[in-house]
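Written out below as structure tokens is the structure these notes cover.
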Amino acid sequence: MSKAAASFDFDVNTLEFVSHSTNEVYRFSKNNEYYFLRISVKPLAYAEKLHAELEWVHDLVHHGVNASLPILTKDQQLTAVYEEDGLCFIAAVFRMAPGKFFEKDNPHLWGTDIYHAWGETMGKMHKHSKSYKPLVKGSQRDHWSKSEFSNPNLQHGMYRVLLDKLQSLEDQIDSLPREDNAYGLIHNDFHPYNFMIDGDTITVFDFDDCIYGWYSLDIAIAAAHAVWWGSPGEDRKSKNEFARRFLDDFLAGYFKHHPLDSHWIQRIPLFMDYRNICSFFWWLQDWDGDESKLSDFQKNAITEAVKIIADGRSFDGCEIEM
């Protein structure tokens with residue numbers, strides 16, 4: 001952290017811990033403004049992928065997309081890389097996004113205007129993605145690919161049902177064409193906790209999952225999370241009705257900046273199902289087979305998901321036709 005402070009020219013004593021999941025995140029102040037320091041512990045080769053992420057975000061901001069701007073080091077670099085004790089620490093700094101997180105019951109922080117602005121922001125991103133070329137040769141994000149699970153605890157019972165469903169959906173997705181007008185750099189995690197709301201403007205951040213993928217997938221991820229956290233009711237009918245309304249408003253904003261052929265719009269429910277089934281493997285990917293380590297919520301969700309698969313239904317009640 002001291003080395004990062006020296007690289008980005010701020011007082012290390014102003015750092016405040018924020019979170020630790022995929023990366024360690026800290027907040028600091030400089031010249032009466034707040035910024036976020038992100039430290040990633042990765043193999044040295046991964047530094048190129050992080051540079052590719054930040055280069056794209058930097059370019060998006062300079063093309064009118066409201067995103068949290070990466071800040072350059074004193075040497076005018078997007079990242080600062082340090083090696084110590086066989087580990088590689090990659091530091092990046094971002095300007096703090098203004099505003100507040102969504103609030104489900106607050107009409108100023110969740111509703112048609114927010115969905116529309118969310119869609120507009122993604123539409124701008126996808127429009128620019130179609131023409132974007134990385135400046136640094138060889139510095140490129142990964143392309144979407146099928147999951148690879150070698151965990152033997154997923155090979156039986158309910159867990160095998162979930163894995164089979166995931167693999168079936170991935171087979172369908174992998175067969176889709178990767179057309180220039182439908183496939184490019186996407187955020188890949190543009191959910192309501194990855195943007196801030198300031199009046200009628202939203203600012204997106206947390207691009208560290210960005211990949212080359214289908215624009216429909218990016219839309220579906222937004223819709224799936226909107227239903228998870230923002231549906232006014234928990235029953236399937238309420239969720240289905242909310243998903244329809246959300247997508248109507250979201251796509252109205254999206255289409256202001258980026259067209260998408262109707263057959264790709266019709267793929268959104270497929271990608272929503274995919275995002276929903278992926279959520280189980282966030283828990284189970286490295287699970288040791290001890291069911292006592294699963295929460296009651298996780299156990300109930302898995303049981304319900306298996307019933308939904310057996311009935312041939314879609315997840316979260318989103319049996320929408322587009």
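Hydrogens, waters and symmetry mates are skipped; everything else that's a heavy atom, side chains included, is used.
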Say whether, by atom type as modelled, one donor and one acceptor occur between the side chain of Gln298 and the main chain of Ser295 under 3.5 angstrom. yes
Centroid-centroid under 6.0 Å between His191 and Trp229 rings: yes
Using modelled atom types and a 3.5 Å cut-off, is there a donor and acceptor pairing between side-chain atoms of Thr73 and backbone atoms of Asp75? yes
Can a salt bridge be assigned to the pair Lys49 and Asp142 using a cut-off of 4.0 Å between side-chain N and carboxylate O? yes
What do the steps show when you test Leu169 against Asp273 for side chain to side chain contact (heavy atoms under 4.5 Å, CB included), and what is the final call? CA-CA 8 Å; Leu169 290 170; Asp273 248 12; 4.2 Å; yes
Look up atom CG in Leu154 and atom CG in Leu284, then write down how far apart they are to the nearest 0.5 Å. 6.0 Å
Are side-chain N/O atoms of Asp209 and His187 paired as donor and acceptor at under 3.5 Å? no
Should Asp200 and Asp113 count as side-chain neighbours, where that means a heavy-atom distance under 4.5 Å? no
Kindly write out the residues that satisfy ring-ring contact (aromatic ring centres under 6.0 Å, His included) with Phe8, not counting sequence neighbours, or none if the list is empty. none
Spell out, as yes or no, whether a donor-acceptor pair under 3.5 Å connects the side chain of Asn194 to the backbone of Asp189. yes
Closest non-hydrogen atoms of Asp174 and Arg178, given as atom of the first, atom of the second and distance, are OD1-NH2, 3.3 Å
Value for CD (Glu33) from OG (Ser29), rounded to nearest 0.5 Å, stands at 10.5 Å
Check Glu120 against Gly253 and note the closest heavy-atom contact, atom names and distance. CG-O, 3.3 Å
Return the orientation label for the Tyr183 and His143 ring planes: parallel under 30°, perpendicular over 60°, tilted otherwise. parallel
Does His108, at its NE2 atom, have more than 12 non-hydrogen atoms belonging to other residues, nucleotides or ligands within less than 6.0 Å? no
Point-to-point distance, once rounded to the nearest 0.5 Å, from CD1 of Ile219 to CH2 of Trp118: 12.0 Å
Keeping Glu55 on the side-chain end and Leu135 on the backbone end, is there a donor-acceptor pair under 3.5 Å? yes
Within the supplied structure, the quantity of interest is the number of heavy atoms (other residues, nucleotides, ligands) at a distance under 6.0 Å from Lys127 NZ; does it exceed 12? no
Quick note, ring pair (Phe, Tyr, Trp, His ring centres under 6.0 Å) partners involving residues 75-100, not counting sequence neighbours, are none
Should we say atom NZ of Lys307 is surrounded by more than 12 heavy atoms from elsewhere, each under 6.0 Å from it? no
Backbone of Met125 reached by a side-chain donor or acceptor of Ser129 within 3.5 Å: no
Begin from the C-alpha positions of Met1 and Tyr26 and carry the test side chain to side chain contact (heavy atoms under 4.5 Å, CB included) through to its verdict. CA-CA 10 Å; Met1 288 188 286; Tyr26 299 83; 3.5 Å; yes
With Phe205 via ring-ring contact (aromatic ring centres under 6.0 Å, His included) - residues at least two apart: none
Between Asp288 (side chain only) and Asp290 (backbone N and O only), is there a donor and an acceptor less than 3.5 Å apart? yes
Distance check, rounded to the nearest 0.5 Å: Leu166 atom CG versus Cys278 atom SG? 5.5 Å
What do the steps show when you test Gln77 against Leu72 for side chain to side chain contact (heavy atoms under 4.5 Å, CB included), and what is the final call? CA-CA 5 Å; Gln77 301 299 312; Leu72 301 178; over 6 Å; no
Any idea which heavy atoms bring Leu270 and Gln172 closest together, and the distance? CD1-OE1, 3.7 Å
Hey, are the side chains of Asn240 and Arg236 touching, using non-hydrogen atoms and a 4.5 Å cut-off? no
Can you sort out the partners of Asp249 under side-chain hydrogen bond (donor to acceptor under 3.5 Å, both in side chains), two or more places apart, ordered by chain and number? Thr112
State whether Arg38 and Glu53 are salt-bridged, where the test is any N-O pair (Lys NZ or Arg NE/NH1/NH2 against Asp/Glu carboxylate O) under 4.0 Å. yes
Taking everything shown except Lys130 itself, do over 12 heavy atoms lie less than 6.0 Å from its NZ? yes
Check for me whether the distance between the ring centres of Phe149 and Phe281 falls short of 6.0 Å. yes
For His58, which residues count as a ring-ring contact (aromatic ring centres under 6.0 Å, His included) partner, sequence neighbours excluded? His62
Carboxylate-amine/guanidinium contact Arg160 Asp164, below 4.0 Å: yes
Kindly indicate whether the side chain of Cys88, heavy atoms from C-beta on, has any atom under 4.5 Å from the side chain of Lys42. no
Do other residues, nucleotides or ligands put more than 12 heavy atoms under 6.0 Å from the NZ atom of Lys146? yes
Please report whether the ring centroid of Tyr115 lies less than 6.0 Å from that of Phe250. no
Mind checking whether Tyr132 and Trp56 have side chains closer than 4.5 Å, heavy atoms only? yes
Note: Glu291 and Tyr159 closest approach over all heavy atoms is OE2-OH, 2.7 Å
Can a donor-acceptor pair be found, under 3.5 Å and without considering hydrogens, that links the side chain of Asn276 to the backbone of Met272? yes
Please check if the number of heavy atoms outside Phe297 that lie under 6.0 Å from its CZ is greater than 12. no
Are any of the side-chain heavy atoms of Phe36 and Met96 separated by less than 4.5 Å? yes
Between Asp218 and Asn188: side-chain donor-acceptor atoms closer than 3.5 Å: no
Short side-chain to backbone donor-acceptor contact, Lys74 and Ala6, under 3.5 Å: yes
I'd like to know if the side chain of Tyr34 pairs up with that of Glu16 as donor and acceptor (distance under 3.5 Å, no hydrogens or angles considered). no
Using 0.5 Å steps for rounding, measure from the NE2 atom of His128 to the NE2 atom of His63. 4.5 Å
Ignoring hydrogens and geometry, is there a side-chain-to-backbone donor-acceptor pair from Lys100 to Met196 under 3.5 Å? no
When Asn23 is tested against each of Val41, Asp208, Asp206, Leu50 for side chain to side chain contact (heavy atoms under 4.5 Å, CB included), which residue passes? Asp208
Is any side-chain heavy atom of Met122 less than 4.5 Å from a side-chain heavy atom of Val204? no
More than 12 heavy atoms of other groups within 6.0 Å of Asp11 CG: yes
Of all residues at least two apart in sequence or in a different chain, which pass the ring-ring contact (aromatic ring centres under 6.0 Å, His included) check with Phe101? Tyr193
Assign the ring pair Phe195 / Phe190 to parallel, tilted or perpendicular, where the plane angle (0 to 90°) is split at 30° and 60°. perpendicular
Donor-acceptor under 3.5 Å (Trp214 side chain, Pro177 main chain): yes
Taking the side chain as every heavy atom from C-beta outward, state whether Asn181 and Tyr215 have any pair of such atoms under 4.5 Å apart. no
Pairing donors with acceptors under 3.5 angstrom, does anything connect the side chains of Asp235 and Ser238? yes
Do Phe271 and Ile221 make a side-chain contact, defined as non-hydrogen atoms from C-beta onward lying under 4.5 Å apart? no
From Glu241 CD over to Arg245 CZ, what is the distance, rounded to the nearest 0.5 angstrom? 6.5 Å
